[in-house]
Amino acid sequence: FLPPYSSWDAAYERELQTFQDIGDAGEIWFGEESMVRIIRWLEKHEVPLDSSVLDIGTGNGVLLVELAKSGYMNLTGIDYSPSAIQLSEKVREKEGMSNIKLKVEDFLAPSAELSGFDICIDKGTFDAISLNPDDAAGKRQQYVRSLGRVLKPQGFFLITSCNWTKEELLNQFREGFEILEELPTPKFCFGGRTGNSVTALVFQRQ
């Protein structure tokens with residue numbers, strides 16, 4: 001499980017220090033295969049390379065770097081943690097990816113210029129917001145409202161979650177979003193039952 005929203009800043013301060021010390025960008029939430037899964041979907045559906053992409057809760061920015069390496073040119077990452085944005089800026093510099101835009105933003109209260117995106121990607125941020133001890137249900141509703149504001153009509157929303165099942169996510173995003181596809185994720189077996197520890201879905205804004 002991901003740490004609650006409020007403890008991220010301290011975690012990214014540690015990762016920032018580690019990057020400065022040894023050049024390690026830190027943990028990739030859900031592992032490398034989660035990034036490959038997203039990029040493969042974009043390529044399979046021939047999403048144009050100049051599409052505007054927003055990484056919600058970008059963390060160390062590694063997903064954006066991988067998207068840039070795959071040819072995507074219009075990339076923005078936001079995080080509410082200034083330490084995360086500092087870290088992603090350093091990762092961007094190290095990789096020489098000057099075309100990635102990075103901003104400190106609280107997605108639950110996005111600035112006016114954060115709008116008109118073709119694609120929004122979330123790897124664990126909705127999970128972390130859901131763990132907030134202060135009115136988690138209200139924050140989830142605000143997240144969905146914010147997503148409707150920043151994502152263009154007919155735009156795609158790719159979410160990876162370890163806290164929510166497919167059915168729960170369908171329920172959370174039923175207002176204004178339609179499920180397009182469930183992406184394959186690693187399966188586990190426990191006590192004779194098979195399941196998925198991670199859910200990855202693609203929605204389209206209506």
Side-chain angles (χ1 to χ4, degrees), residues 1-13 27-31 34 37-38 41 53-60 63 76-85 88 103-183 185-186 188 190 193 195-206:
F1 281 86
L2 300 180
Y5 206 44
S6 53
S7 63
W8 278 13
D9 220 23
Y12 282 119
E13 274 171 32
E27 191 167 352
I28 297 170
W29 294 125
F30 305 110
S34 65
R37 190 186 307 127
I38 288 164
W41 188 88
V53 179
L54 177 66
D55 187 17
I56 302 165
T58 196
N60 57 16
L63 172 61
T76 301
I78 60 166
D79 207 291
Y80 102 108
S81 163
S83 298
I85 293 299
S88 54
K103 305 164 82 171
V104 177
E105 285 257 11
D106 181 356
F107 189 67
L108 299 183
S111 62
E113 70 242 37
L114 211 67
S115 66
F117 286 92
D118 298 307
I119 294 141
C120 289
I121 300 173
D122 181 319
K123 270 183 343 88
T125 298
F126 185 72
D127 284 357
I129 287 170
S130 303
L131 295 174
N132 195 312
D134 179 28
D135 188 24
K139 285 182 167 57
R140 289 196 296 274
Q141 289 171 343
Q142 183 55 50
Y143 181 104
V144 177
R145 283 196 292 273
S146 294
L147 184 63
R149 286 226 307 275
V150 305
L151 185 61
K152 280 180 185 170
Q154 306 307 307
F156 300 119
F157 172 54
L158 289 80
I159 182 169
T160 306
S161 169
C162 62
N163 285 2
W164 301 96
T165 64
K166 176 184 176 182
E167 289 68 30
E168 288 168 333
L169 287 171
L170 289 177
N171 189 44
Q172 296 283 349
F173 292 94
R174 68 185 184 280
E175 296 286 326
F177 298 90
E178 187 178 330
I179 179 80
L180 281 188
E181 198 171 336
E182 180 175 15
L183 303 182
T185 59
F188 69 92
F190 183 78
R193 293 182 64 178
N196 292 63
S197 54
V198 173
T199 303
L201 303 178
V202 181
F203 288 93
Q204 188 166 28
R205 192 185 149 206
Q206 298 308 296

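In this text the structure is predicted, and so the values were computed from the model without any measurement.
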Please round to the nearest 0.5 Å and tell me the distance separating atom CG of Asp106 and atom CD1 of Ile129.
-> 7.5 Å

Side chains of Phe203 and Leu170: does their closest heavy-atom pair fall under 4.5 Å?
-> yes

Derivation of the side chain to side chain donor-acceptor pair (under 3.5 Å) call for Asp127 and Ser161 | CA-CA 6 Å; Asp127 284 357; Ser161 169; 2.6 Å; yes

So, does Arg205 use its side chain to make a donor-acceptor pair with the main chain of Gly148 at under 3.5 Å?
-> yes

Backbone N or O of Gln204 within a donor-acceptor pair of the Gln206 side chain at under 3.5 Å?
-> yes

Examine distances only and state if a side-chain atom of Asp79 and a backbone atom of Gly59 form a donor-acceptor pair shorter than 3.5 Å.
-> yes

Thr199 side chain near Ile159 side chain, heavy-atom distance below 4.5 Å | no

Working to the nearest 0.5 Å, report the span between SG of Cys120 and CD1 of Ile78.
-> 8.0 Å

Taking only residues two or more places apart in sequence or in another chain, which ones pass ring-ring contact (aromatic ring centres under 6.0 Å, His included) with Phe177?
-> none

Least distance between heavy atoms, Glu175 atom then Val144 atom = O-CG1, 4.1 Å

Does the gap between the ring centers of Tyr143 and Phe107 come in under 6.0 Å?
-> yes

Any chance you could measure Ser83, atom OG, to Asn60, atom CG, to the nearest 0.5 Å?
-> 13.0 Å

Heavy atoms only: give me the nearest Ser115-Arg149 pair and the separation to one decimal.
-> CB-O, 4.0 Å

Could you grab the distance from atom CG of Asn171 to atom CD of Glu168, nearest 0.5 Å is fine?
-> 8.5 Å

Applying side chain to side chain contact (heavy atoms under 4.5 Å, CB included), name anything that partners Asp134, two or more places apart in sequence or on another chain.
-> Asn132, Lys139

Please report the closest heavy-atom contact between Thr185 and Ala200, naming both atoms and the distance.
-> CG2-CB, 3.7 Å

Do side-chain atoms of Glu181 reach the backbone of Val202 as a donor and acceptor pair under 3.5 angstrom?
-> no

Apply the side-chain contact (heavy atoms from CB on, under 4.5 Å) test between Ile121 and each candidate in Val53, Leu54, Thr160; give the one that qualifies.
-> Val53

Would you please indicate if the ring centroids of Phe126 and Phe173 are separated by under 6.0 Å?
-> yes

Rounded to the nearest 0.5 Å, how far does CD1 of Ile119 lie from NZ of Lys152?
-> 9.5 Å

Spacing of Arg37 atom CZ and Lys123 atom NZ [to the nearest 0.5 Å] | 9.0 Å

Minimal non-hydrogen separation, Asp55 against Leu63, with atom names | OD1-CD2, 3.8 Å

Student check: side-chain heavy atoms of Ile56 and Leu147 closer than 4.5 Å | yes

